[in-house]
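Encoded as structure tokens, the structure appears first; notes follow it.
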Amino acid sequence: MRYFINAQSSVRIESEIVIHFDPFKIKAKVNGADIIFITHPHFDHFSPNDIAKVKKESTIFVAPKSMSAELLKIGVAPQNIFAMNPGETAEILGVKILAVPAYNTNKPMHKKEYGWLGYIAEIEGKKIYVAGDIDAISEAEEFKADIAFVPIGGTYTMDYREAAGLINRMKPKKVIPYHYGSIVGSKSCGKKFKALVDNDIEVELLID
């Protein structure tokens, strides 16, 4: 299994299948995504132009239930849309999926009642948590993950200090910070985050 961050919160995972989370700032047209996960409708997470660069006719889209109409508007076939609410589970193309809540606790941009999502996907026996845009929500402390992708840039999400505290309570085997270094949060946030994470948790920096 290989994984990459394109920009912001755009994660690509290559295994037996190809999975994208929130494709954004894709540099070249590369059709081939088997599953595309969308966390919420903000432009840096739901980008129709970037989706067009990675999707194919059979691509399955996993998204919050509130986004079904938006996916239909960009030409996604109804049978290729798998809409979820927080707490729901599914298995798509052999990938076990848990939809988890993603929201702010002290900011107005991502309200809990919107039903926007993060995801825990089990790939090659590893549970991978892609948080979406969150603050240090209490639910996340109970999530079990081998690898966690979490935002650290502040302004619209938790900052690197809050994120490190959450990760130290979650205790995944590895954490990869994202959502910094471009729109919000300086590139130095990654190293500052790493310095605050407990030594028994591996920190991998893919944004430099």
Side-chain angles (χ1 to χ4, degrees), residues 1-41 44-65 67-68 70-102 116-134 140 143-151 172-179 202 204-207:
M1 178 176 60
R2 300 191 303 165
Y3 43 79
F4 313 88
I5 294 177
N6 296 305
Q8 194 69 343
S9 303
S10 176
V11 176
R12 176 184 174 94
I13 297 175
E14 296 178 356
S15 179
E16 292 183 356
I17 61 175
V18 176
I19 299 171
H20 279 265
F21 292 84
D22 293 347
F24 184 58
K25 291 190 176 181
I26 305 297
K27 294 180 180 178
K29 185 177 178 65
V30 184
N31 290 334
D34 296 290
I35 307 174
I36 294 176
F37 290 85
I38 303 295
T39 61
H40 65 288
D44 53 332
H45 297 265
F46 178 60
S47 169
N49 289 338
D50 291 295
I51 287 170
K53 293 178 182 178
V54 300
K55 74 178 181 67
K56 55 187 179 182
E57 189 173 344
S58 61
T59 301
I60 303 297
F61 286 76
V62 183
K65 284 202 171 174
M67 290 190 65
S68 294
E70 289 166 275
L71 290 170
L72 291 170
K73 285 180 183 177
I74 66 169
V76 180
Q79 65 269 23
N80 288 355
I81 299 173
F82 203 96
M84 302 185 75
N85 286 318
E88 292 183 339
T89 61
E91 185 169 340
I92 299 172
L93 301 180
V95 178
K96 294 179 181 178
I97 301 162
L98 170 63
V100 296
W116 294 343
L117 299 176
Y119 301 97
I120 300 174
E122 188 170 335
I123 303 167
E124 294 186 4
K126 294 185 182 295
K127 292 184 177 180
I128 300 175
Y129 172 44
V130 179
D133 281 5
I134 64 167
F143 298 161
K144 302 302 180 185
D146 296 291
I147 303 172
F149 288 82
V150 294
K173 294 177 182 177
K174 177 186 288 188
V175 59
I176 300 168
Y178 66 5
H179 205 289
E202 181 182 354
E204 185 173 1
L205 301 180
L206 297 182
I207 297 174

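Just so it is clear, the model here is predicted, and its values are computed rather than measured.
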Strictly distance-based, threshold 3.5 Å: is any side-chain N or O of [X] a donor or acceptor partner for the main-chain N or O of [Y]?
X: D22; Y: T39; answer: yes
X: Q8; Y: D44; answer: no
X: K96; Y: T89; answer: no
X: S47; Y: F24; answer: no
X: E70; Y: M67; answer: no
X: K25; Y: A7; answer: no
X: N6; Y: I26; answer: no

(request) Quick one: pull up CD1 in I176 and CD in E204 and give me the separation to the nearest 0.5 Å. (result) 4.5 Å
(request) Enter the distance from K127:NZ to I147:CD1 here, rounded to the nearest 0.5 Å. (result) 13.5 Å
(request) Could you tell me how the ring of Y119 sits relative to the ring of F21: parallel (under 30°), tilted (30 to 60°) or perpendicular (over 60°)? (result) tilted
(message) List the residues meeting ring-ring contact (aromatic ring centres under 6.0 Å, His included) with Y178, not counting sequence neighbours, and say none if there are none.
(response) none
(message) If I compare all heavy atoms of K29 with all of A52, which pair ends up nearest, and what's the gap?
(response) NZ-O, 3.1 Å
